[in-house]
Amino acid sequence: MARVAVVTGGTRGIGAAISKALKAGGYSVAANYGGNDDAAQAFNGETGIPVYKWDVSSYEACEAGLKQVEADLGPIDVVVNNAGITRDTMFHRMKPEQWTSVINTNLNSLFNMCRPVIEGMRARRFGRIITISSINGQKGQMGQTNYSAAKAGEIGFTKALAQESAKSGITVNAICPGYIATEMVKAVPQEVLERNILPQIPVGRLGEPEEVARCVVFLASDDAGFITGSTLTANGGQYLA
Ligand code: CAA
């Protein structure tokens with residue numbers, strides 16, 4: 001039977017590429033999304049991948065959503081924590097809401113998504129937890145104290161849960177993409193992108209969502225069973241972690 005994978009933020013950007021790549025790899029995929037119904041319906045029409053709307057910053061919503069996915073598709077083998085938001089601003093201008101929304105959606109979602117499924121994975125002695133962190137969790141980024149803190153926290157979560165889960169056949173890994181051509185990066189002011197960011201990428205271009213998706217497919221595979229607690233960097237050489 002096909003393994004079941006759930007991808008948060010799985011209908012747009014990097015998440016959509018991940019959902020499609022896992023489906024092409026033979027997984028039964030559930031694509032979670034938070035708010036953009038039109039994009040989710042278009043994605044579902046294009047790919048046939050079922051879409052599920054819930055807010056990953058809510059524990060109760062994750063519990064209920066994951067239960068629905070398991071009722072529809074079967075026990076969850078792979079969780080891809082991809083959903084993320086930015087609320088970029090300098091720290092001296094940051095509002096409490098800009099801090100907490102980023103921490104809740106990007107970091108607290110890892111607890112909300114993994115806690116409900118970890119006992120089942122342990123009982124079945126197989127699991128793959130893959131979190132899309134960021135270059136900016138590794139190096140820090142001006143304008144992103146909230147996002148950098150959340151993304152660095154994701155790496156710590158990954159390392160700790162990997163140690164707890166290794167004996168149960170569950171691997172836990174993070175991927176740190178650099179600047180990828182998605183709506184999130186296109187929201188960066190154009191002159192900042194051209195003057196400050198692109199010149200720092202030795203490969204000389206933004207990354208493609210599919211380049212991150214291929215990393216996920218590898219980490220989800222049986223071939224990656226010896227890789228756990230690791231951080232896979234995919235940033236065009238921008239930061240050598
Ligand atoms: N790297 C280097 N320098 C940067 C920079 C960056 N990423 N972003 C801004 N700067 C520089 C600007 O060029 C500017 O320099 P000068 O004073 O020499 O002109 C200075 O910082 C101030 O910038 P602004 O004039 O834009 O000031 P602001 O207060 O209006 O905004 C900011 C500051 C919020 C940091 C804004 O510039 C911004 O949003 N920058 C982009 C931040 C960023 O890189 N976000 C990543 C989004 S993509 C993502 O998060 C995905 C991922 O995982 C990689």
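In each ligand, atom 1 is the first atom listed, and ligand 1 is the first ligand listed.
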With no hydrogens and no angle check, do the side chains of [X] and [Y] hold a donor and an acceptor under 3.5 Å apart?
X	Y	result
Y179	N136	yes
Q138	T233	yes
N173	S230	yes
D77	Y27	no
S57	N104	no
D37	Q41	no

Option whose closest heavy atom lies nearest to [atom], chosen from [options]:
atom	options	answer
atom 49 (C) of ligand 1	M184, E183, R195	M184
atom 1 (N) of ligand 1	I132, N196, N235	N196
atom 38 (C) of ligand 1	P189, P199, G143	P189
atom 28 (P) of ligand 1	E191, R93, M94, Q144	R93

Salt bridge check, [Y] against [X]: does any charged N sit closer than 4.0 Å to a carboxylate O?
X	Y	result
E211	R205	yes
R3	D222	yes
E70	K67	no
E63	R115	no

Need the ligand 1 atom indices (1-based, order shown) with element for anything under 4.0 Å from a heavy-atom of [X].
X	value
G178	54 (C)
I197	7 (N), 44 (O)
S134	52 (C), 53 (O), 54 (C)
T86	50 (O)

Tell me, which protein residue and heavy-atom name are nearest [atom], and how many Å apart are they?
atom	result
atom 34 (C) of ligand 1	T89 CA, 3.8 Å
atom 48 (S) of ligand 1	V185 CG2, 3.7 Å
atom 42 (C) of ligand 1	D88 OD2, 3.6 Å
atom 41 (C) of ligand 1	V188 CG1, 3.8 Å
atom 21 (O) of ligand 1	M142 CE, 3.3 Å
atom 6 (C) of ligand 1	Q141 NE2, 3.2 Å
atom 9 (C) of ligand 1	V192 CG1, 3.8 Å

Indicate whether [atom] is within a distance of less than 4.0 angstrom of some protein heavy atom.
atom	answer
atom 45 (N) of ligand 1	yes
atom 24 (P) of ligand 1	no
atom 12 (C) of ligand 1	yes
atom 17 (O) of ligand 1	no
atom 30 (O) of ligand 1	no

Q) Backbone or side chain, does any N or O of Y147 fall under 3.5 Å from an N or O of ligand 1? A) yes

Q: Kindly confirm or rule out an N or O of Q200 lying under 3.5 angstrom from an N or O of ligand 1.
A: no

Q: Would you list the pairs meeting ring pair (Phe, Tyr, Trp, His ring centres under 6.0 Å) in which at least one residue belongs to residues 110-157, sequence neighbours left out?
A: Y59-F111

Q: Give, for atom CG of N32 and atom SG of C62, the distance between the pair rounded to the nearest 0.5 Å.
A: 7.0 Å

Q) With sequence neighbours left out, what residues match E164 under side-chain contact (heavy atoms from CB on, under 4.5 Å)? A) L161

Q | Residues, nucleotides or ligands: over 12 heavy atoms within 6.0 Å of R124 CZ | A | yes

Q) Side chain, backbone, both or neither: which part of I180 has a heavy atom under 4.0 Å from ligand 1? A) neither

Q: Report yes or no: does A187 have a heavy atom closer than 4.0 Å to ligand 1?
A: no

